[in-house]
Number of protein chains: 2
Amino acid sequence: MKADRVIRALSALAQEHRLAAFRLLVQAGEEGVAAGALAEKLDVPPSSMSFHLAQLANAGLVAQRRESRSIIYSADYAAMNGLMGYLTENCCGGIACSDDAACLPSPQRKSA
Amino acid sequence: MKADRVIRALSALAQEHRLAAFRLLVQAGEEGVAAGALAEKLDVPPSSMSFHLAQLANAGLVAQRRESRSIIYSADYAAMNGLMGYLTENCCGGIACSDDAACLPSPQRKSA
DNA sequence: CCAATAATTCGATAAATATAGAAATATGGA
DNA sequence: TCCATATTTCTATATTTATCGAATTATTGG
C-alpha cells in the first residue's frame, strides 16, 4: 500500500461520522448498508452523509453498488488489512516483536 | 479504546510528516528517536516537527522522555494495538471472519 | 409521463489544521 | 556566568475540511 493512499484512508477514518459509518459497515459484512440507512442511523443529513461516504470510497475503504433506488455501501476488508499492515511494518526493528506487551501479534502477516 | 481517542489517533496519523515520523518510531523500537533527528530525517523545520510530535503525543501514540538536551520519542505499541482492535471490532458480524480474503487474521484478539 | 423515493452535487459559510519564523525555555559545558 | 545546543511555544497566515439547504440526477410504480 502506498503512503498517499494510506493517508487518504486514515483521513477518511479520522472523523466521527465516517468512523461510525465504517464500523457499521465492517459489522454489516458483505451485505452492506444503504446510504440512507446510514444517514438515519447516524442522524446526519443525507447530503452530509453522501459527502462522508464519498471520502470513504475515494480512500478505497468501501465499495458501493446500486440496488434499485438505493446505493449500498460495504466495507473493503482488504483495504483495511493493507492499512494495518502499513502501520505495523517492520515493527520494533524485528526485535521482540512476538513479545505480548510490546508489539502486535502478527505485524507482517501476508495471508493466513 | 474510546471513540474520541481513536479519532485523535487516526487524525494524528493522517498527515504525511506524522505518519512518516510514527513509522520511523515503530521501526526504532523502545530506544526511540530524538525530535531533532526526526526533523532532520523528514526535512521539516523543528517548530513544525514539534507541532506534529505534540499531536502524536496527545493522541497517546508516542511517549516522550528527556535525555540530556534531547527529547526522545518512542512509539506506544499498546495504543497502536488498541487502534487496530477498535477498527476491526465485530468484523463481518462474526461470520466468515477466518476466511483469508474477506477479513482480518485475528480481529478480536485480546492478548497473545 | 408524472409523482415519489433515494442519493448526489452544488454553493456558501464556519471551523479546524498546517506551516514556519521568531521568541522563549531547558540543559550541559567552558 | 555565559554560550551553544535542543526543543518548544507563540503568532500569523494559508489551506483544508465539515456542514447542510437547495437543486439535480437516477429509479420505480401508477
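Letters A, B, ... are given to chains in the order of the sequence lines, protein chains preceding strands, and every chain is numbered from 1. The basis for the numbers below is simple: all heavy atoms, side chains too, and nothing from hydrogens, waters or symmetry mates.
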Donor-acceptor pair, A:R66 side chain versus A:S68 backbone, under 3.5 Å? yes
Whole-Å distance separating the CD1 atom of B:I72 from the C1' atom of C:dA26: 15 Å
With respect to the phosphate group of C:dT8, does any side-chain polar atom (N or O) of A:Y73 fall under 4.0 Å of OP1 or OP2? yes
Could B:R5 and B:Y86 be counted as a cation-pi pair, given that NZ or CZ must be under 6.0 Å from the ring centre and within 45° of the axis? no
Is the side chain of B:S48 donor-acceptor paired with the backbone N or O of B:V44 at a distance under 3.5 Å, no angle test? no
d(CG, B:L42; P, C:dA18) in whole Å: 15 Å
Report yes if the side chains of A:L13 and A:L83 come closer than 4.5 Å at any heavy-atom pair, otherwise no. yes
Can you pull the contact range of chain B along DNA chain D, 5' to 3', using atoms under 4.0 angstrom from its heavy atoms? D:dA4 to D:dT9
May I ask you to evaluate whether A:S50 reaches the phosphate of C:dA7, defined as a side-chain N or O under 4.0 Å from OP1 or OP2? no
Need one value for B:A34: base, sugar-phosphate or nothing, where a base atom within 4.0 Å counts as base even if backbone is also close, heavy atoms only. sugar-phosphate
Terminal axes of the helix from C:dC1-D:dG30 to C:dA30-D:dT1 (five pairs each): angle between them, nearest 10 degrees: 20°
Measure the distance from NE2 on B:H52 to P on C:dA18 and round it to the nearest whole Å. 6 Å
What's B:S48 touching, base or sugar-phosphate or nothing? Going by heavy atoms closer than 4.0 Å. base
On a heavy-atom basis, which atom in B:D76 and which in B:G60 lie closest, and how many Å separate them? CB-O, 3.6 Å
Just by modelled atom types, is the A:N58 backbone N or O under 3.5 Å from a matching donor or acceptor in the A:R8 side chain? yes
Only counting residues at least two apart or in another chain, list the ones meeting side chain to side chain donor-acceptor pair (under 3.5 Å) with B:Q64. B:Y73
Mark yes or no for a side-chain to base donor-acceptor pair under 3.5 Å between B:S68 and C:dG28, with no hydrogen or angle criteria applied. no
Reading DNA chain C from 5' onward, which residue's closest nucleotide shows up sooner: A:Q64 or A:R69? A:R69
Taking only the side-chain heavy atoms of B:P45 (C-beta and beyond), determine which of C:dA7, C:dA20, C:dA18 contains the nearest atom. C:dA20
Using whole Å, report how far NE2 of B:H17 lies from C1' of C:dA20. 11 Å
Value in whole Å for how far the P atom of C:dT9 lies from CD1 of A:I71: 9 Å
Measure CD1/A:I7 against C1'/C:dT17 and give the value in whole Å, please. 14 Å
Are the side chain of A:Y77 and the backbone N or O of A:V26 linked by a donor-acceptor pair below 3.5 Å? yes
Taking A:S11 for the side chain and A:I7 for the main chain, is one N or O donor matched with an acceptor at less than 3.5 Å? yes
Would you please confirm or rule out a distance under 4.0 Å between OP1 or OP2 of C:dA16 and any side-chain N or O of A:Q15? no
So what does B:P46 hit on the nucleic acid, given a heavy-atom distance under 4.0 Å: a base, only sugar-phosphate, or nothing? base
Taking atom C1' of C:dA26 as reference, at what distance in whole Å does atom CD of B:E67 sit? 15 Å
Calculate the interatomic distance between A:R66 atom CZ and C:dA7 atom C1'; express it in whole Å. 7 Å
Is the backbone of A:A12 close enough, under 3.5 Å, to the side chain of A:R18 for a donor and an acceptor to pair up by distance? yes
